[in-house]
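Take a look at the structure below.
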Amino acid sequence: MAAVFMAGELLLYSALTAELGWIWFLIVFLTDIAAVCFCCEVSWIDALYCAALAYAAQHFASSTYILLVYRGSKPEWNNALFVAVDAVVFAAVYFLFARRLSEDGEYRVTPNTAFSVSVLVLFVSLFLSMYCKKAADSAAQAGVGPGYASLFRSCQLFDMFTCFLLLWSQRMQRNEIRTSRALEKSRILWQQNERQYAMSRENVELINRKCHDLRHQIAALSYAEGASERRQAFVRDVQNMLDVYDSKTDTGNEALNTILMEKGLYCKLHGISWTCVADGAILNFMDVVDLYTLFGNAIDNAIESVEKIDDKDKRIISATVWKKDSFAIIQIKNYYEGALTLRDGLPLTSKGDTDNHGFGLRSMRKIAEKYQGTLSVKLEDKAFLLYVMLPLPSTVIKNS
């Protein structure tokens, strides 16, 4: 691509007259699009959008240089100053705009956005700008007074403002789109958790009811007349297995009972030591789906972490809920192996897809903030502590 640009500079630009100079700039723009498509794994729509904004940045730098050197006559070219202006402008554009526009190396814009930005940039940078420059050159040759020079500088300022406004508007638009996508993910996750909670509650109730009935039936069988010792030993083994399932949790909160029993059952069946001391009644002010989502994600993360540990003595998860002053305190503790890196107070996901993974912790933090609470993480001696503090409503405090 560098060779293409060099060949175009040597072969095409010198062949074009001043009246057709805009063709050269149009060729450069089209070549920019081809360069982005060739060098990067992006769609041609993204390449068009990227090249248009890059052209706006270049035009801002060019107008800045002209503004600095123009004195009412055609300025002499100063390569050192031109490179310095470009370096400063491009660095500022990168930190203010470019790095904030893409998402994992992609822009994901619609064709309408890409085409509208391109048309606006080309209109400002080619038609208006080149017209002003030609008029300024003619005025300089005709000996027009300094008033025209001031007008020309004003046109350059207008060009700079237009390019800056375009870049800024795209940054704001991309931020709004990212926020909208995050809200949509949250909405979908909430709906999924609502359905999951309903299914989990039904399953837990069914397991408890069936296991309770089955225990009585087996007990009757064990005392049946003529029961052999072998049969009684078998019955005892079955009863021990039923103890795993028939272990109803009562914290004073139905949603919390459901999630704790569901996750506790998983831990028992997979060799994970599970302890829970919870005053669920203090969390009755929370929406059941929010509560299910908060504890579900927290315990799922803990399970995923301890399942990687070979030492059975460290495959431990503890959940605690208690009231302290006017706050409800939630703490989930588990051991972990390997290194954890925190960013913005939360651990980075170990999975490669950061866009779709690691969303659970962010969702939990948003739930805590929804109730004016906080979520924090502490790492102590290979122990991971998730700490949620929620202010209690006045009615809960009075009844406590």
Side-chain angles (χ1 to χ4, degrees), residues 22 24-37 39-68 70 82 84-133 151-187 344 354-355 359 362 366:
W22 62 272
W24 160 247
F25 289 101
L26 186 59
I27 292 174
V28 170
F29 178 68
L30 296 176
T31 311
D32 282 341
I33 300 173
V36 175
C37 285
C39 299
C40 307
E41 295 182 358
V42 297
S43 66
W44 69 270
I45 293 295
D46 274 8
L48 175 63
Y49 180 77
C50 177
L53 295 182
Y55 224 103
Q58 183 279 331
H59 188 65
F60 185 95
S62 175
S63 295
T64 302
Y65 172 79
I66 293 174
L67 193 64
L68 292 174
Y70 185 73
F82 182 75
V85 169
D86 278 359
V88 172
V89 171
F90 294 157
V93 168
Y94 170 76
F95 286 104
L96 289 175
F97 305 110
R99 68 174 183 169
R100 301 173 184 269
L101 293 176
S102 64
E103 300 178 54
D104 299 327
E106 297 181 354
Y107 294 96
R108 302 170 187 171
V109 297
T110 62
N112 288 339
T113 299
F115 279 112
S116 60
V117 170
S118 300
V119 170
L120 181 59
V121 169
L122 291 176
F123 178 74
V124 172
S125 63
L126 292 184
F127 180 76
L128 291 181
S129 182
M130 294 190 71
Y131 178 82
C132 290
K133 291 175 182 177
L151 180 61
F152 181 70
R153 293 191 188 95
S154 299
C155 290
Q156 299 306 312
L157 286 172
F158 175 78
D159 283 354
M160 294 169 62
F161 174 77
T162 303
C163 293
F164 181 86
L165 185 62
L166 176 65
L167 292 168
W168 183 267
S169 66
Q170 289 306 302
R171 173 183 164 176
M172 294 296 100
Q173 184 185 58
R174 302 307 299 168
N175 287 341
E176 290 180 0
I177 290 175
R178 278 192 285 268
T179 301
S180 176
R181 287 174 178 168
L183 291 174
E184 180 64 15
K185 284 184 178 180
S186 297
R187 185 186 66 82
D344 192 24
T354 57
D355 186 53
F359 192 75
R362 297 196 299 271
K366 287 189 176 296

- Just how far is it from atom CG of Leu101 to atom CG of Asp46, taken to the nearest 0.5 Å? 11.0 Å
- Worked check of side-chain contact (heavy atoms from CB on, under 4.5 Å) between Met160 and Thr64: CA-CA 7 Å; Met160 294 169 62; Thr64 302; 3.3 Å; yes
- Task: Could you please spell out the steps behind the side-chain contact (heavy atoms from CB on, under 4.5 Å) verdict for Ile45 and Tyr49?
- Result: CA-CA 6 Å; Ile45 293 295; Tyr49 180 77; 5.7 Å; no
- Atom pair CG/CD1 of Leu157 and Ile66 - distance to nearest 0.5 Å: 11.5 Å
- Message: Please check: side-chain N/O of Ser62 versus main-chain N/O of Gln58, any donor-acceptor pairing under 3.5 Å?
- Response: no
- Message: Return the CH2 to CD1 distance between Trp44 and Ile33, rounded to the nearest 0.5 Å.
- Response: 8.5 Å
Result block: side-chain N/O donor-acceptor pairs under 3.5 angstrom for residues 161-169, not counting sequence neighbours:
unit_1: Thr162; atom_1: OG1; unit_2: Phe158; atom_2: O; d: 2.8
unit_1: Ser169; atom_1: OG; unit_2: Leu165; atom_2: O; d: 3.2
unit_1: Ser169; atom_1: OG; unit_2: Leu166; atom_2: O; d: 2.8

- Do the non-hydrogen side-chain atoms of Val93 and Phe60 ever get within less than 4.5 Å of each other? no
- Task: Could you name each residue pair satisfying side chain to side chain donor-acceptor pair (under 3.5 Å) that touches residues 92-101, not counting sequence neighbours?
- Result: none
- Query: So Phe97 and Leu53, side-chain contact (heavy atoms from CB on, under 4.5 Å) or not? Walk me through it.
  - Reply: CA-CA 10 Å; Phe97 305 110; Leu53 295 182; over 6 Å; no
- Query: Is there a donor-acceptor pair under 3.5 Å between the side chain of Ser116 and the backbone N or O of Thr113?
  - Reply: yes
- Side chains of Gln170 and Val109: closer than 4.5 Å at any heavy-atom pair? no
- Task: Search all heavy atoms of Val89 against all heavy atoms of Ala57 and return the closest pair with its distance.
- Result: CG1-O, 4.1 Å
